[in-house]
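Here the structure is a predicted model, which is why all the values come from computation and not from measurement.
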Amino acid sequence: MFLADYHVHSSCSFDADGKARMSEMARAELRRGITEVCFTDHCDIGTPETIQLGPNSFYLPKSQGHQFIEAMEKAPEGIEIKLGLELGEGNHDPARAKRIYAMPEYDFILGSLHNLRDERDFYYLKYESAEQCEGLYERYLEELIELAGIPCFDTMAHIGYCLRYMHRQGLDVEMGMDRFGDRIDVLLKTLIENGRGIELNCADLADGGRSNPMHLTFPSVEVLRRYRELGGDIVTVGSDAHNIKSAGVGVAEGYELLMANGFKYVATYKHHKAEFKRLGG
């Protein structure tokens with residue numbers, strides 16, 4: 001079965017565990033049956049630890065360029081390699097985000113939201129009550145809706161990202177349709193109307209990747225089904241791997257989940273143009 005992993009980090013990302021290069025990650029992906037991989041290292045606007053493009057210079061960073069060429073030369077036969085970016089907080093500087101998207105070197109860009117305006121990454125926040133979590137979800141959805149209207153990405157990454165860290169602190173407050181359905185519908189409809197897709201992030205789906213997987217996806221199955229009901233059909237699948245151990249983990253399970261929920265195709269990209277591969281093929 002064809003498998004593509006469209007959310008992979010190399011040592012070009014500040015938070016990569018083990019600092020594996022693209023060539024090493026590609027070999028690990030192939031060992032797990034992945035035959036197409038897109039490297040999406042972090043570029044979070046306003047977070048200096050990540051790759052920073054602009055506000056004046058919009059050139060491919062040397063670290064990415066060197067590693068991508070090395071991966072093309074050293075990766076074994078049987079795997080196709082694409083170059084992408086995980087662009088965070090594009091709604092915080094839309095003009096800059098659109099210029100990054102227009103750079104000719106990238107095949108694909110994930111649109112992420114790791115932190116709200118004037119807040120730290122959800123990873124670092126302290127979660128103390130359900131009420132606090134619900135308030136954060138409301139603000140998070142409003143910013144995602146903003147981001148969905150900006151032509152600076154191809155698919156939206158890990159919708160519901162906040163839950164990952166709420167859960168780790170013992171608060172399982174889900175971003176469900178019963179409480180947030182109206183805003184989720186606006187978000188999904190905006191993505192669909194603008195020709196953008198969603199990512200099925202499988203980092204916490206299967207054993208073998210993270211040390212304590214939650215056996216959840218981002219978005220949740222409930223939101224995934226709603227996307228399908230509304231006519232959404234552009235989906236990429238990503239392991240969100242930051243090290244060799246997690247490279248490709250959960251992707252096969254993600255494909256099975258898509259098929260079980262009525263999806264027929266998965267998207268891959270070349271120069272921001274979606275190419276659809278039949279699931280199960």
Side-chain angles (χ1 to χ4, degrees), residues 1-9 26 29 33-41 43 60 64 68 72 79-88 90-91 94 97-113 144-145 147-159 187-202 217-219 223-241 248 250-252 254-281:
M1 180 171 69
F2 171 81
L3 297 173
D5 189 348
Y6 264 61
H7 192 157
V8 183
H9 297 271
E29 293 272 352
I34 309 298
T35 55
E36 184 168 335
V37 59
C38 185
F39 287 98
T40 54
D41 285 300
C43 173
L60 182 70
Q64 270 191 313
F68 184 67
M72 297 286 283
I79 188 164
E80 186 170 1
I81 302 173
K82 302 286 183 63
L83 184 63
L85 201 67
E86 183 178 3
L87 178 58
N91 60 311
K98 286 188 281 187
R99 285 199 63 184
I100 293 169
Y101 185 76
M103 291 173 63
E105 295 89 348
Y106 294 111
D107 288 298
F108 171 75
I109 289 185
L110 277 169
S112 294
L113 187 65
L144 285 184
I145 291 167
L147 180 59
I150 302 168
C152 66
F153 66 95
D154 298 301
T155 67
M156 182 169 279
H158 46 53
I159 296 170
L187 170 62
L188 298 178
K189 289 176 181 178
T190 303
L191 289 168
I192 293 166
E193 289 167 3
N194 286 285
R196 311 292 168 186
I198 65 171
E199 174 201 35
L200 180 62
N201 187 294
C202 301
T217 58
F218 298 94
V223 174
L224 183 69
R225 288 173 179 164
R226 184 57 178 160
Y227 176 68
R228 178 68 176 158
E229 288 172 1
L230 292 171
D233 55 8
I234 303 174
V235 184
T236 57
V237 178
S239 68
D240 204 350
V251 172
Y255 274 54
E256 295 290 341
L257 184 62
L258 288 175
M259 287 189 284
N261 285 279
F263 289 87
K264 304 296 183 184
Y265 299 92
V266 68
T268 62
Y269 282 81
K270 185 173 183 178
H271 301 309
H272 304 298
K273 183 179 179 180
E275 300 176 352
F276 295 93
K277 307 292 177 64
R278 181 174 288 276
L279 287 162

Side chain to side chain contact (heavy atoms under 4.5 Å, CB included), paired with M156, selected from L147, T190, L113 = L147

Name of the residue among D154, L200, T155 meeting side chain to side chain contact (heavy atoms under 4.5 Å, CB included) with T236 = T155

Name all residues meeting the side-chain contact (heavy atoms from CB on, under 4.5 Å) criterion together with [X]; count only those two or more places apart in sequence or in a different chain, and write none if there are none.
X	value
T268	F2, A4, Y6, E36, E275, K277
R225	V221, N261
I192	Y227, L230

Between the side chain of [X] and the main-chain N/O of [Y], is any donor-acceptor distance below 3.5 Å?
X	Y	answer
D5	S239	yes
H272	Y101	yes
H9	T40	yes

With sequence neighbours excluded, tell me which residues meet salt bridge (Lys or Arg N to Asp or Glu O under 4.0 Å) with [X].
X	answer
E256	none
E80	K82
R196	none

Show the nearest heavy-atom pair for residues [X] and [Y], with the distance to one decimal.
X	Y	value
C38	G84	SG-N, 3.7 Å
T217	L257	CG2-CD2, 3.8 Å
I100	C43	CD1-SG, 4.3 Å
G238	E199	CA-OE2, 3.8 Å
V235	F263	CG2-CE2, 3.7 Å
I79	A26	CD1-O, 3.5 Å

Is there a side-chain contact between [X] and [Y] in this structure, where contact means two heavy atoms from C-beta onward sitting under 4.5 Å apart?
X	Y	answer
L3	Y255	yes
L85	F153	no
L258	L224	yes
L60	L83	yes
V8	I34	no
Q64	E105	no

Separation of [Y] [atom2] from [X] [atom1] (nearest 0.5 Å):
X	Y	atom1	atom2	value
L87	D41	CG	CG	13.0 Å
M259	Y265	CE	OH	13.5 Å
D240	H7	CG	NE2	3.5 Å

Given side-chain contact (heavy atoms from CB on, under 4.5 Å), test I234 with L191 step by step and report yes or no.
-> CA-CA 10 Å; I234 303 174; L191 289 168; over 6 Å; no

